[in-house]
Structures are given as C-alpha cells and as structure tokens.
Amino acid sequence: MAHESTIDATLLGLLACPQDKGPLQLVRTEAGASVLYNPRLRRAYPIDNGIPVLLIDEARDVTDAEHEFFVAES
C-alpha cells in the first residue's frame, strides 16, 4: 500500500475520527508509513495513495509501544 507523507494543514484540521469525532494526528510509523492517529482510542487510520481512509473497519488498534512512539513523535 502506498502512502503520502503530507496532508494539507487545512485538510488535517477538518478531519475527525469517525468513531469519537475528535481530532486526528498525522504521524509516521516506524516503517515510515503515514497514518492518522487517534491517541484517545489508540486507533490508526491508513492513508492510501494520499487519501485518508477514515472508515472504522479499516482502522487498526495500536500496541502500547506504537502509542508511545506516536506520542513522542507528535
């Protein structure tokens, strides 16, 4: 799956988690892929070819180690 490293700041400010309607953070995984992260629910939404995939079923739970990595990065 391809990923895009940047999302326009205006778009990022408009995007919200479909599950809790809160803001998302743009972070990179340790593998270098960009994801939109919800630290409240510890869920990561993929970005496919520069398009955020904000479907609850497509999000994944992150491990404690990933959560710490994402929080330290942001």
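This one's a predicted model, so the numbers in the text were calculated from it and none came from an experiment. Atoms considered below: every heavy atom in the structure, side chains included; atoms not considered: hydrogens, waters and symmetry mates.
By the rule that hydrophobic residues join a cluster once side-chain heavy atoms approach within less than 4.5 Å of another member, I47 and L12 end up as members of one cluster.
The two residues P52 and L15 come nearest to each other via the heavy atoms CG-CD1, 3.9 Å. Contact between C17 and R40 at its shortest, heavy atoms only, is CB-NH2, 4.4 Å. The two atoms that bring I7 and L26 nearest to each other are N-CD2, 4.0 Å, heavy atoms only. The minimum heavy-atom distance between A44 and V62, with the atom names listed, is CB-CG1, 3.8 Å.
Residues passing the salt bridge (charged side-chain N to carboxylate O under 4.0 Å, His left out) test with D64 are R42, sequence neighbours excluded. Residues that satisfy the side-chain contact (heavy atoms from CB on, under 4.5 Å) test with V71, not counting sequence neighbours, are H67. For D57, there are no salt bridge (charged side-chain N to carboxylate O under 4.0 Å, His left out) partners, not counting sequence neighbours. Evaluation of the side chain to side chain donor-acceptor pair (under 3.5 Å) rule for E68 yields no partner, not counting sequence neighbours. Shown here are the ring pair (Phe, Tyr, Trp, His ring centres under 6.0 Å) partners of Y45, two or more places apart in sequence or in another chain: there are none.
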- Quick one: do T29 and F70 satisfy side chain to side chain contact (heavy atoms under 4.5 Å, CB included)? Show the steps, please. CA-CA 7 Å; T29 65; F70 292 157; 4.0 Å; yes
- Message: Test side chain to side chain contact (heavy atoms under 4.5 Å, CB included) on L36 and Q25; report intermediate values, then the result.
- Response: CA-CA 5 Å; L36 290 169; Q25 299 172 349; over 6 Å; no
- Message: Would R43 and D61 count as a side chain to side chain contact (heavy atoms under 4.5 Å, CB included) here? Give the steps.
- Response: CA-CA 5 Å; R43 305 270 293 164; D61 294 322; 2.9 Å; yes
- Do V35 and V27 pass the side chain to side chain contact (heavy atoms under 4.5 Å, CB included) test, and can you show the C-alpha distance, the side-chain angles, and the key distance before you say yes or no? CA-CA 6 Å; V35 296; V27 296; 3.6 Å; yes
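Looking only at distances, a side-chain donor or acceptor of D8 sits under 3.5 Å from a matching main-chain atom of L11. No donor-acceptor distance shorter than 3.5 angstrom exists from the side chain of Q19 to the backbone of I56, with no hydrogens or angles considered. Proximity of a side-chain donor or acceptor of E66 to a complementary backbone N or O of T63 within less than 3.5 Å is detected.
Clustering of Ile, Leu, Val, Met, Phe, Trp and Tyr by side-chain heavy atoms under 4.5 Å joins L41 with none of the others.
Within the model, atoms CD of E73 and OH of Y37 stand 11.5 Å from one another, a figure rounded to the nearest 0.5 Å.
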